[in-house]
Structures are given as C-alpha cells and as structure tokens.
Amino acid sequence: MRDTATFDLSRSLLAWYDRHARDLPWRVSPADRAAGVQPDPYRVWLSEVMLQQTTVAAVRDYFQRFTARWPDVRALAAAPDDQVMAEWAGLGYYARARNLLKCARAVVDQHDGRFPDSHDALLKLPGIGPYTAAAIAAIAFDRPETVLDGNVERVMARLHDIHDPLPKSKPLLKAKAAALTPDERPGDYAQAVMDLGATICTPKSPACGICPLRDPCQARAAGTQTDLPRKTPKAPKPTRLGHVYIAQRADGAILLERRPEMGLLGGMLGFPGSEWAEDAAEAPPFPADWTLLPAEVRHTFTHFHLILRVWTAAVPADVDPLGLVVMPKHAFRPGDLPTVMRKAHDLWRGSSASGKMDRAGLS
DNA sequence: TAAACGTGGGT
DNA sequence: TACCCAAGTTT
C-alpha cells in the first residue's frame, strides 16, 4: 500500500522530470506524452537494447543510423545478418546484435510485427531480460512495471541507505523501487528515476544540493551517499597474447574471417589469427611472407587485457584460402570491424581514427 | 551462481 | 596509469 510520503516522493520525481527530462532521440517528451503522443515500441526496444551497459553518448549515433536504415521492425527483420553486424560494429557486446535480429524476426513471425505489451511476453523474446522487459512495458506501453538498472539500484541504495553489497542486495533494492512505482505515468516515472541517477545521483560526486529527493534521502542524512551502492570486488584481469594476420591481395582485396556465432566478438568480421591465451603461438592462416609490425595493439575486454601482434603480407590476386572472406578493396570498411580489429587495421595503415571517420562520412 | 561478454569516457 | 562505470543478458 502506497502511503502519503511514498506518493509525494514519486510526485516530486515526476515534477522534476517534467522540468529536466533530457531530450533523447528515442524519447517522447513528457509534454508530448501528456498531449497523447505514444512512443514507438520499436524505437523504445532498439534504444533499450543499445543502452544495455552502454552510455547514452555512445548510443546516439548508432540509434540514428539504425532507425534511418531500418525504420521499423519489419525492415530490420528483413535485413541481412552481415549488414546488421557491420552497423553494430564498435558498440560492443555483439550478442546484442545477434539477439536483436532474432527478436525482430520473432516479433514479425510470431507477433504479426507488433511488440507484445506485457512484461512476461516481452521476457520471452531474445535479448530481452528482466530490466528491458520492464522498460519496454513501462515506457512504450505505460504499464506500471518497475525498472531496475544500475541507476535505480544506486538511487534506491542511497534513498534508503542500504549498505548490503550488490548483487546480493538486488531483491531488496527491487522491492524498494517497486514500492515507489506509481500507477499514474509509470512510463515517465521509469525514465525519471533513471535520468535522476544519470544526471544528479551520479556514482562519484552526486549533486545532492539540487536533488529533488534530498530531503527524504537517508544516505545524504548519514553522509554515506558516495559509498553507495556497495559492490562485491571484481577479479583482476589477466593479460593474454594473440597474433592476427592481415593479408592484402594484389587486386587490393583484404582477407577476413567471419568469427563463430558463440564467444567473443561472435558473428563479427575480423582478421584471422591465433587463439588469445597467456602464451599464444603464432598461427598464420596460410603460407606467405608474413612481416611483424614493430608496434602492438593493446586492448582491454571485460575480463582480460589483450596484447595483439599484427603480421602483414602482400599476396597474389588469386589467393583465396578456404574459410576466409575475400573482401574487395571498395567494399572493405574498417568501421565494420569490432574495435580491437579496427585497431589492428589502423596500426597497419598508420591511421588512428578510421572507424569514426568512416562512420561520420568524413574520410 | 558466477563467469562471459566490448567499448569509451570520466576520475 | 589504472580503475570504475554505463538504461544487462545469457549460459
């Protein structure tokens, strides 16, 4: 049962959101929503998947390119896999792109091209977990679902001065968040809590002085806000070594490899090479006059550091090794590669920003 | 349950 | 530099 204080708190947050909601490409403003504008579930879904563990700044351009190229779920469902993977290149967590296509096709094939409007039905779709199901149900369909992302966890931990570490405290934080979720304007409310966490109740130096929840905030009263939420420490990252092999044919074509669906960079194009291990052996994909570049690529993934040694070779125009993709010179765009592979390419070509240059159409 | 899964920006 | 963090999901 929502008491008066709870009601006031939700209302304060909504009032703050009405004044300070950020203007985001996928968002229907509170004013437009009040005027009856309904969000497009396709755009809500696409933005939420892109925003999983990814910043708004990184997502903006990708969202614009995706929606320009594939304006609705049917268009996306009909897109070739390699084009979608190439468009996702650089955004990371590539399982999201693979699941994005599976989900689009499931919506077309099983739901007549319309996203389901319930949390439970959304949860059954590929790439949609508890958070995203709640976010789509709330934001796109104005259902009173409770979103629990990193922002909401932080806001709730501080509001209630909860010191139990994540992820163990997640159920408690979810219960606290659910107790505040209003029946009115749940879509705006969900975005309001997340906006508060993203812009006011930030991890390092929260702007408590201008926070709409500063009075009821228990962590602020206790002075513990910057210590919360507590998290269980992470394991240190090991360093691994790898070799990649960049071959260019006399006709200009580059020899690439489509990585297997499962695992790191799954489904993405890359240069062929060795395993990435503590002491990986050289593994040229075919015999050639391989030359080792004098510098190395350093890259950090979620759970390990990588040092990549880059070998190059010029080969005859008729070389076409089994299992490799012959990418014609004019069709090859470094920006279609995952970032670690783009770094290897840039090291070879002596460039430093080919991905962004290509994507922005500046090169 | 815990590990795998990317990348870029902030501090 | 090194670590933290970001609108998490899958296995």
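Order of the sequence lines sets the chain letters (A, B, ...), proteins ahead of strands, with each chain counted from 1. Owing to the predicted nature of the structure, the values given are computational and were not obtained by experimental measurement.
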Please determine if A:Arg259 forms a cation-pi arrangement with A:Trp276, meaning its NZ or CZ atom is less than 6.0 Å from the six-membered ring centre and no more than 45° off the ring axis.
-> yes
How long is the line joining CG of A:Leu265 and P of B:dA4, in whole Å?
-> 15 Å
Using the P atom as the reference point in each nucleotide, state the distance between C:dT1 and B:dG6 in Å, no decimals.
-> 24 Å
A:His345 and A:Phe332: aromatic ring centres closer than 6.0 Å?
-> yes
Rounded to whole angstroms, how far apart are CG on A:Leu91 and P on B:dG9?
-> 12 Å
Could you run through nucleotides 4-11 of chain C and give me one letter per nucleotide, 5' to 3': B if any protein heavy atom sits under 4.0 Å from the base, S if only the sugar-phosphate is that close, - if neither?
-> SSBBBSS-
When the C1' atoms of C:dA6 and B:dT1 are considered, how many whole Å apart are they?
-> 23 Å
Starting at NE2 of A:His299 and ending at P of B:dG8, how long is that distance when rounded to a whole Å?
-> 7 Å
Round to the nearest Å and state the distance from A:Glu261 atom CD to B:dC5 atom P.
-> 14 Å
Name all pairs fulfilling the side-chain hydrogen bond (donor to acceptor under 3.5 Å, both in side chains) condition that reach into residues 219-233 of chain A, sequence neighbours left out, sorted by first residue then second.
-> A:Asp161-A:Thr224
Shared-cluster residues of A:Trp290, by chain and number - hydrophobic side chains joined below 4.5 Å | A:Tyr245, A:Leu255, A:Phe286, A:Leu292, A:Trp311, A:Val315, A:Val319, A:Leu324, A:Val326
Pairing residues for A:Arg105 by the side chain to side chain donor-acceptor pair (under 3.5 Å) criterion, not counting sequence neighbours | A:Asp81
Distance-only check: which donor-acceptor pairs under 3.5 Å involve side-chain atoms of residues 35-43 of chain A, not counting sequence neighbours?
from	atom 1	to	atom 2	distance (Å)
A:Asp40	OD1	A:Tyr42	N	3.0
A:Tyr42	OH	A:Trp70	O	2.6
A:Arg43	NH2	A:Pro25	O	2.8

For atom NZ of A:Lys237 and atom P of B:dT7, their distance in whole Å | 13 Å
Which residues pass the side chain to side chain contact (heavy atoms under 4.5 Å, CB included) test with A:Ala121, sequence neighbours left out?
-> A:Pro116, A:Ser118
Identify, between A:Pro167 and A:Val340, the residue whose nearest nucleotide on DNA chain B lies closer to the 5' end.
-> A:Pro167
Taking atom C1' of B:dT1 as reference, at what distance in whole Å does atom CG of A:Leu166 sit?
-> 15 Å
Comparing A:Gly263 with A:Ala57, nearest DNA chain B nucleotide closer to 5' gives the residue A:Gly263
P-based separation of C:dA7 from B:dA4 [nearest Å] | 24 Å
Mind calculating the distance between CE (A:Met50) and P (B:dT7) to the nearest angstrom?
-> 15 Å
Contact under 4.0 Å: A:His303 side-chain N or O vs B:dC5 OP1/OP2 = yes
Atom C1', compared across C:dC5 and B:dC5: separation rounded to whole Å = 16 Å
Look at the side-chain N and O atoms of A:Thr339 and state whether any lies under 4.0 Å from the OP1 or OP2 oxygen of B:dG8.
-> yes
Could you give the CZ-to-C1' distance, from A:Arg259 to B:dC5, as a whole number of Å?
-> 12 Å
